[in-house]
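Below, all heavy atoms of this structure are taken into account, side chains as well, without hydrogens, waters or symmetry copies.
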Amino acid sequence: MRNSFLEYYGKHYISPVHQDISNMELHFERRRKLYRQCGIPVQTFRDTEILEVGPGSGYNTLAFFRWNCAHVDLVEANEKGICDMRELFKEHNIPSEKYQIFPCEIENYVSDKRYDIIIAEGFIQHLPNQQQILKKLQSLAADKGIVILTCSDQLCYFIEMMKRLVARFLVKDILDYEAQVSYLSGLFEQQLAGLKGVSRPARDWVQDMILGSSSNFTAQLLNLAQAISCFQKDYDILGTSPQMFTDYSWYKNIWFNYKEDYKQQYNRKKTSLLMADMPESVLPDKQVEMVSERFHYIIELAAEFEKNFESCYIKHILEQMNGIEKEVSVIDNGFMMVFCEIKMALKALIETGSVDFDQYPHFFQAFGRTEQYIGFEKK
């Protein structure tokens, strides 16, 4: 099965998932909050057998050692990621008996172990064989085991895809990959620095989000509602990050189908994922669906634009944005300002062949909620 991540990472020998751990306590606090939102307190990790799939360079794995896990098995197929991970663990004096690295894809991983906690972060939602991988993870979970994974919807990538559109145009005449990375890192470093809490270097973000395959954002993504359907029978939902769902049912009403209720909530609330730190938006299903379809189409047009940089695609994007401006205006005032500035930036790109981000401060500072986490517990 084709894996565009591994192909791209292998071609350039990169693992663009490094984290700023100059303040290690802050790094651990970020991870603690993530798992708390997913309904998993830090104490849960003590003395557990953990499987982490796609750990990249291992920065997030350090938290499990800090929280006194028993052992971590790491399934990582990217050669550069494995190299970085070994160096990181050595630098932080992680005993070799505390972990084992398996250099393969999860589809080819074989083990008799059943794990207390399984983490698969940042990749499943982009792969064409999502169902196969999810079934594999479920088969590896112990009774009462926890599975944590990430989800995405194309709505979440709208702002990033518009930044990507501008960036790809600006470097279209730069043929050297390293020169592209260097130029764009300088362009986006200040923008990322303005996003409070950001921990990934601009260089890594550019390599992953801007120069990686557009198919990662235009393929069939795995959203939260779909993930819930995949864990329908034998699993309970512990929580999500961000915390999107409320359950007002009486605790004695054990027959209440909260999973179906969560899926309905997702369909009404998913426009809240358009921008980081945006307040919750709850709209009628039909309105959300119409807006979602337009944003999905815009993202596909942006990917088509990358192939030959013909201005007709940008004009078509602007037409689509004009067609939903009224509906977007009721979602959130902050996002509406970003939306309008994106339109102005795209018009400038058509008319002048360049975009000065400083002229669009709201677009400059905005980022989407590109990933959502969800935790499940096996009954």
Inset, instruction - Could you label the plane-to-plane angle of the Phe231 and Tyr235 rings as parallel, tilted or perpendicular, counting under 30° as parallel and over 60° as perpendicular? - result: perpendicular
Inset, instruction - Could you tell me which residues satisfy side-chain hydrogen bond (donor to acceptor under 3.5 Å, both in side chains) with Glu25, sequence neighbours excluded, listed by chain and number? - result: Arg66
Inset, instruction - Determine yes or no for a side-chain-to-main-chain donor-acceptor pair under 3.5 angstrom, with Ser182 supplying the side chain and Ala179 the backbone. - result: no
Inset, instruction - Please identify each residue that fulfils side-chain hydrogen bond (donor to acceptor under 3.5 Å, both in side chains) with Tyr9, with sequence neighbours left out. - result: Asp208
Inset, instruction - Please report the closest heavy-atom contact between Ser281 and Thr271, naming both atoms and the distance. - result: OG-OG1, 3.1 Å
Inset, instruction - Kindly check if the number of other-residue, nucleotide or ligand heavy atoms within 6.0 Å of CZ (Arg46) is above 12? - result: no
Inset, instruction - Kindly work out whether a path of hydrophobic side-chain contacts (I/L/V/M/F/W/Y, heavy atoms less than 4.5 Å apart) joins Phe305 to Met344. - result: yes
Inset, instruction - Kindly give the heavy-atom pair with the smallest separation between Asp247 and Phe256, and that separation in Å. - result: OD1-CE2, 3.6 Å
Legend entry - salt bridge (charged side-chain N to carboxylate O under 4.0 Å, His left out) against Glu79, all qualifying residues, sequence neighbours excluded: none
Inset, instruction - Give a yes or no on whether the backbone of Ser215 and the side-chain of Ser213 come within a donor-acceptor separation of less than 3.5 Å. - result: yes
Inset, instruction - Hey, could you give me the CD1/OG1 distance between Ile146 and Thr48, rounded to the nearest 0.5 Å? - result: 8.5 Å
Legend entry - Cluster link Leu51 to Phe45, ILVMFWY, side chain under 4.5 Å: no
Inset, instruction - Say whether, by atom type as modelled, one donor and one acceptor occur between the side chain of Arg200 and the main chain of Pro16 under 3.5 angstrom. - result: yes
Inset, instruction - Describe, in one word, how the ring planes of Phe357 and Phe363 are oriented to each other, choosing from parallel (under 30°), tilted (30 to 60°) and perpendicular (over 60°). - result: tilted
Inset, instruction - Give me the other members of the hydrophobic cluster that Tyr251 sits in, counting Ile, Leu, Val, Met, Phe, Trp and Tyr linked by side-chain heavy atoms under 4.5 Å, directly or via other members. - result: Trp250
Inset, instruction - Start with the C-alpha gap between Arg36 and Glu29, add the side-chain angles, then the distance that decides, and say whether salt bridge (Lys or Arg N to Asp or Glu O under 4.0 Å) holds. - result: CA-CA 10 Å; Arg36 176 181 62 78; Glu29 187 63 20; over 6 Å; no
Legend entry - Under 4.5 Å side-chain linkage, directly or through intermediates, the cluster mates of Leu6: none
Inset, instruction - Take atom CD of Gln243 as the centre, draw a 6.0 Å sphere, and report whether it contains more than 12 heavy atoms from other residues, nucleotides or ligands. - result: yes
Legend entry - side chain to side chain donor-acceptor pair (under 3.5 Å) partner of Tyr35, chosen from Lys33, Arg32, Arg31: Arg31
Inset, instruction - Check whether any side-chain N or O of Gln372 sits under 3.5 Å from a backbone N or O of Arg369 as a donor-acceptor pair, and report yes or no. - result: yes
Legend entry - Tyr115-Phe65 co-clustered via ILVMFWY side chain contacts under 4.5 Å: no
Inset, instruction - Return the set of residues passing salt bridge (charged side-chain N to carboxylate O under 4.0 Å, His left out) with Glu325 (not counting sequence neighbours), or none when no residue passes. - result: Lys343
Legend entry - Full working for side-chain contact (heavy atoms from CB on, under 4.5 Å) between Ile148 and Leu34: CA-CA 11 Å; Ile148 307 158; Leu34 165 64; over 6 Å; no
Inset, instruction - Can you sort out the partners of Ser57 under side-chain hydrogen bond (donor to acceptor under 3.5 Å, both in side chains), two or more places apart, ordered by chain and number? - result: Ser15, Asp84
Legend entry - From CD1 (Ile350) to CG (Leu318), nearest 0.5 Å: 5.0 Å
Legend entry - Interatomic distance, Phe295 atom CZ to Met161 atom CE [nearest 0.5 angstrom]: 13.5 Å
Inset, instruction - Would you indicate whether Tyr13, at its atom OH, is surrounded by more than 12 heavy atoms from other residues, nucleotides or ligands within a distance under 6.0 Å? - result: yes
Legend entry - Heavy atoms from other residues, nucleotides or ligands near NZ of Lys286 exceed 12 (cutoff 6.0 Å): no
Inset, instruction - Kindly say whether Phe335 contributes a backbone atom to a donor-acceptor pair with the side chain of Asp332 at under 3.5 angstrom? - result: yes
Inset, instruction - State which residue, out of Leu184, Val181, Val17, fulfils the side-chain contact (heavy atoms from CB on, under 4.5 Å) condition with Gln207. - result: Val181
Inset, instruction - Report yes or no: is the cationic atom of Lys263 (NZ for Lys, CZ for Arg) under 6.0 Å from the centre of the six-membered ring of Tyr266, at an angle within 45° of the ring normal? - result: no
Inset, instruction - For Asp20, look at atom CG and say whether over 12 heavy atoms of other residues, nucleotides or ligands are found less than 6.0 Å away. - result: yes
Inset, instruction - Among residues two or more places apart or on two chains, list those pairs meeting salt bridge (charged side-chain N to carboxylate O under 4.0 Å, His left out) that have a residue in residues 151-169. - result: Arg164-Glu306, Arg168-Glu306
Inset, instruction - Could you label the plane-to-plane angle of the Phe169 and Phe309 rings as parallel, tilted or perpendicular, counting under 30° as parallel and over 60° as perpendicular? - result: perpendicular
Legend entry - Counterpart residues, ring pair (Phe, Tyr, Trp, His ring centres under 6.0 Å), relative to Tyr109 (two or more places apart): Phe102
Inset, instruction - Determine, using the 4.5 Å side-chain heavy-atom cutoff (strictly less than), whether Ile14 and Ile174 are members of one ILVMFWY cluster. - result: yes
Legend entry - Over all atoms of both residues, closest heavy-atom pair of Ile314 and Leu349: CD1-CD2, 3.6 Å
Legend entry - Partners passing salt bridge (charged side-chain N to carboxylate O under 4.0 Å, His left out) against Lys113 (at least two apart in sequence or in another chain): Glu49, Asp73
Inset, instruction - May I ask you to decide if Cys69's main-chain N or O and Lys98's side chain share a donor-acceptor pair within less than 3.5 Å? - result: yes
Inset, instruction - For residues Leu165 and Ala302, report the shortest heavy-atom separation together with the two atoms involved. - result: CD1-CB, 3.9 Å
Legend entry - Side-chain donor or acceptor of Lys269 paired with backbone N/O of Met244 under 3.5 Å: yes
Inset, instruction - Each residue besides Val282 in its hydrophobic cluster should be listed here, by chain and number; the cluster joins Ile, Leu, Val, Met, Phe, Trp and Tyr at side-chain heavy-atom distances under 4.5 Å. - result: none
Legend entry - Gap separating the NZ atom of Lys136 from the CD1 atom of Ile124, nearest 0.5 angstrom: 12.0 Å
Inset, instruction - Check whether more than 12 heavy atoms from other residues, nucleotides or ligands sit under 6.0 Å from atom CG of Asn333, and answer yes or no. - result: no
Inset, instruction - Verify the neighbour count for atom CD of Gln190: are there more than 12 heavy atoms of other residues, nucleotides or ligands below 6.0 Å? - result: no
Legend entry - Between Glu260 and Asn257: side-chain donor-acceptor atoms closer than 3.5 Å: no
Legend entry - Non-neighbouring partners of Tyr258 that pass side-chain hydrogen bond (donor to acceptor under 3.5 Å, both in side chains), sequence neighbours left out: Asp236
Inset, instruction - Taking the side chain as every heavy atom from C-beta outward, state whether Ile21 and His92 have any pair of such atoms under 4.5 Å apart. - result: yes
Legend entry - Backbone N/O of Cys340 and side chain of His362: donor-acceptor pair under 3.5 Å: no
Legend entry - Exercise: do Ser199 and Gln19 side chains pair donor with acceptor under 3.5 Å: yes
Legend entry - Heavy-atom closest contact (Glu76 atom, Asn78 atom, distance): OE2-N, 2.9 Å
Inset, instruction - Spell out, as yes or no, whether a donor-acceptor pair under 3.5 Å connects the side chain of Gln226 to the backbone of Asn223. - result: yes
Legend entry - Residues Glu300 and Gln154: side-chain donor-acceptor under 3.5 angstrom: no
Inset, instruction - Check whether any side-chain heavy atom of Leu274 lies under 4.5 Å from a side-chain heavy atom of Phe339, and answer yes or no. - result: no
Inset, instruction - Could you tell me whether the side chain of Thr150 and the main chain of Gly122 form a donor-acceptor pair under 3.5 Å? - result: yes
Legend entry - Leu127 reachable from Met209 in the ILVMFWY side-chain graph, under 4.5 Å edges: yes
